[in-house]
Amino acid sequence: MDSFEWLHGYKFLFGLHHVDFTNPDRPRTPKYSAHYYYNIIKDNGFPLPDDEKMLYGHFREDFMWSSASASYQIEGGWRADGKGLSIWDKFAHSPSKILNDDNGDIACDSYNKIEEDVAILKQLKVSHYRFSLSWPRVLPDGTINNINEAGIKYYQRLLDALHAANIQPQVTLYHWDLPQAIEDYGGFLNENFIKLFTDYADLMFDRLGDKVKIWITFNEPIMTANHGYGFGSFAPGLKGRYTLPYIVGHNLIKAHAEAWHLYNDKYRAKQNGIISITVNSDWSEPRNPYRQEDYDAARRVVEFYLGWFAHPIFNGDYSEIMKKRIRDRSLAAGLPQSRLPEFTPEEIKRIKGTHDFFGLNHYTSVLAFPVDHGDAQSIEADKGAMGVSDRTWLDTGSSWLKIAPFGIRRLLNFIKNEYGNPPIVITENGVSERGTVDLNDVHRIYYYDQYINEVLKAYLLDGVDVRGYTAWSLMDNLEWTAGFSERFGLFYVNRTDPNLPRVPKSSVNFYTKMIKCNGFPDPESGHEYTDKSLCVLLVSVYSRFPCGIFSQCPWSVFPLSWWLYTMCSLHLLVSATLLETTE
Ligand code: GBH
């Protein structure tokens, strides 16, 4: 407690308890530190909270384990065999748009490396592979008036190779490489886009659909709307923050719905596949958990991110939060109507329900707080919220990506609660590095271990209907405006070798074991020792220790942990053998 501090008298006080020296009874009042210290004593240290502990268990038997890529990021062959130009070809060939003026002319040369790509997928042991089609490769001017058979053949060969390897394709129709010819007529801003997209989708269903059971219409529509037509940081590079993103988003949602209906009406019965959209979102927590304004801001971040596209498709129409804020702010600025376009009642009906699953890309989380932009008329201002990251979240090779595994579980729960408990396919999740090449990518193992474990908690503890998980990315590739500098791959691509060989990083082994074990077998329970017995040992060696028990420690504990888990593994091996012989 505060007491007489020698030469300083009662001026410097060291107590856990405040003593009121003006009161003859000298009452003691605990300070915050007393409560804090009380908890340390009670817990005998700093145990992990329950929800941060590793959960052991398995995903569904038919869980889809996948890895992903996208056409412009890997294919190259930018002018091969009659391919047309995409907006990214043009963008990347404009000076200073991409770091180091990198471009996708050759990328990973996947256009010429079907065998190599399928070989590394086989090595990974994924059950599925998510890739995207290059629209201008099959339709050089964007329209079905001019079909490039060589382009279609490339995808047919890829599909055949996957089929031979028993890997199921998950095919994205649009992952950002719009035919430049369509952009020349206004791209997503032109309502005619909807017809062009459905024509293209029709052709792809017709020509590839007997080999594809899972379709994704659009990848991350918000990126097209905001980055492509709002900030202008992505192709086509339009800076129309004022209204363009909302118009782009509107046409995109309609185009998605039309493609879904087309598949539903014309192809579903004979091809028996499913089709949906992939939206991306950060998770958002209030920056100050004791402040209602921060809760409201956090909610707006998710509503303006995930909800912008998910709400019309899953619940019908834009969310009330979006409609009201944008209308109010537009009218307050003297505009005659909201900058957010309206759907007619028929459109609302036609769009609602155009999903067979919820495709989700997720990487990171933010802490949100409100920001008042006055009467500025932009999406940022409409949202009126900003996000920062917690300083304890680990850095990665991308400035926007901080490691916050808990967020994926909360986001999955949000989807379950807000959008009617749909089956969810995680269509991307992953982490980058930059700088010196080190094939021992412990940070990626850590990321996957932690994030996938949170997905498992969502599935087993919260009852979220998670059907699949996809690691972004299969191999290092053109990371859009960051060029080749940020590497998300499970496989490293050696760009100094003209053959662009794919070299496995350590995470390949880790992910393969995760797939083989279909999750996280409990190393301590004997009955996990079935035909998958090795999983327990291997997963424990590669993940449990560095990523579980020592997750709070710096990586420098490795030498000690190696020693420990070598011993533990031996112990497990011995007990496993004993168990088997006694049975
Ligand atoms: C996904 O986007 C894409 O689908 C995929 O193609 C991509 O390679 C992968 O993730 C990794 O980025 O630089 O501050 O403007 C992820 C969502 C959100 C990531 C916006 C890039 C740019 C932030 N993206 N972010 S900033």
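Read the numbers this way: they start at 1 and go in the same order the structure lists the ligands and their atoms.
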| request: Answer with side chain, backbone, both or neither: which part of Glu486 has a heavy atom less than 4.0 angstrom from an atom of ligand 1? | output: neither
| task | Could you see which bit of Thr481 sits under 4.0 Å from ligand 1, with heavy atoms only: side chain, backbone, both or neither? | result | neither
| query | Do NZ/NE/NH1/NH2 and the carboxylate oxygens of Asp89 and Arg79 come within less than 4.0 Å? | reply | no
| said: Quick check on contacts: which atoms of ligand 1 are under 4.0 angstrom from a heavy atom of Asn280? | reply: 17 (C)
| Among Tyr305, Trp480, Trp400, which one has a heavy atom closest to atom 19 (C) of ligand 1? | Trp400
| request: In plain terms, say whether Arg130 and Glu428 are close enough for a salt bridge, that is, a side-chain N and a carboxylate O under 4.0 Å apart. | output: yes
| Taking the six-membered ring of Phe369, is NZ or CZ of Arg287 closer than 6.0 Å to its centre and within 45° of its axis? | yes
| request: State the atoms of ligand 1, each with its element, that fall below the 4.0 Å cut-off from a heavy-atom position in Met223. | output: 18 (C), 20 (C), 24 (N)
| query | Is His175 in polar range of ligand 1, meaning some N or O pair under 3.5 Å apart? | reply | yes
| task | Mind running ring pair (Phe, Tyr, Trp, His ring centres under 6.0 Å) on Phe91 and Trp88 for me, showing each step along the way? | result | CA-CA 5 Å; Phe91 193 74; Trp88 273 93; 5.1 Å; yes
| request: Within a distance under 4.0 Å of any heavy atom of Phe488, pick out the atoms of ligand 1 and give their elements. | output: 11 (C), 12 (O)
| request: Check each heavy atom of Asn219 against ligand 1 and say whether those closer than 4.0 Å belong to the side chain, the backbone, both or neither. | output: side chain
| Short list, please: which atoms of ligand 1 are under 4.0 Å from a heavy atom of Glu220? | 1 (C), 2 (O), 3 (C), 4 (O), 16 (C), 17 (C)
| said: A cation-pi test, strictly: NZ or CZ of Arg495 under 6.0 Å from the centre of the six-membered ring of Phe484 and no more than 45 degrees from its axis. Yes or no? | reply: yes
| Nearest atoms (heavy-atom pairs only) where Ala107 meets Tyr72 | CB-O, 4.1 Å
| Would you say Trp176 and ligand 1 have an N/O pair spaced under 3.5 Å apart? | no
| What heavy-atom pair brings Thr470 and Ile426 nearest, and what distance separates the two atoms? | OG1-O, 2.7 Å
| Parallel under 30°, tilted from 30 to 60°, perpendicular over 60°: which one fits the rings of Phe63 and Trp65? | perpendicular
| query | For ligand 1, is there an N or O atom under 3.5 Å from any N or O atom of Asn477? | reply | no
